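Everything below concerns the one structure shown next.
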Amino acid sequence: MPSLKTVAAIAIAFALTGCTAAAALEPIPGSIIYKGQPRTKLTKAPIGSTFDHRFRDRFGDEYMEVYRIAPDRSLELLSRRRIDIVEFGLGR
């Protein structure tokens, strides 16, 4: 049976890993929160609800971000993915 110190060390490691992963995603130009939180708060949206934000960066790449409404009505950036655009009809 593991000692109390071992269990505590494992719990701390998991807690730190979870915090680091959540804090690793930084806003980029085009993100809603790129230059800080918006001035207006989403007052009618339920706390914990999520929404998507789709935008293009300065190079023309398209991104989809997912945000969550925090208890203080600020926005939390949960995920981002680059959207690959496939063009048909090329090479005819």
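What you see is a predicted model, and the numbers here were worked out from it, not measured in a lab. Any value given below was found using the heavy atoms of this structure, including those in side chains, with hydrogens, waters and symmetry copies removed.
A donor-acceptor pair under 3.5 Å is absent between the side-chain atoms of Tyr67 and the main chain of Ser79, judged by distance alone.
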Side-chain donor/acceptor pairs under 3.5 Å, residues 68-76, sequence neighbours excluded:
from, atom 1, to, atom 2, distance (Å)
Arg68, NE, Glu76, OE1, 2.9
Arg68, NH2, Glu76, OE1, 3.0
Asp72, OD1, Ser74, N, 3.0
Asp72, OD1, Ser74, OG, 2.6
Arg73, NH1, Leu42, O, 3.0
Arg73, NH1, Ala45, O, 2.3

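Contact record, Leu25 with Arg80: CD1-NH1, 3.5 Å, taken as the closest heavy-atom pair.
Through direct or relayed side-chain contacts under 4.5 Å between Ile, Leu, Val, Met, Phe, Trp and Tyr, Tyr34 connects to no other residue. Chaining together hydrophobic side chains whose heavy atoms lie under 4.5 Å apart places Val66 alongside Leu78.
Looking at heavy atoms from C-beta onward, Ser31 lies out of side-chain contact with Tyr63 at the 4.5 angstrom threshold. Side-chain contact between Glu26 and Leu77 is absent, with no heavy atoms from C-beta onward closer than 4.5 Å.
Taking the six-membered ring for Trp and the full ring otherwise, the centers of His53 and Phe55 sit less than 6.0 Å from each other.
With sequence neighbours excluded, the residues forming a salt bridge (Lys or Arg N to Asp or Glu O under 4.0 Å) with Asp84 are Arg82, listed by chain and number. Contacts of Glu62 classified as salt bridge (Lys or Arg N to Asp or Glu O under 4.0 Å), with partners at least two apart in sequence or in another chain: Arg54, Arg56. Partners of Asp57 according to the salt bridge (Lys or Arg N to Asp or Glu O under 4.0 Å) rule, which considers only residues two or more places apart in sequence or in another chain, do not exist here.
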Run Glu65 and Asp52 through side-chain contact (heavy atoms from CB on, under 4.5 Å) and show every step you take. CA-CA 6 Å; Glu65 293 181 328; Asp52 298 340; over 6 Å; no
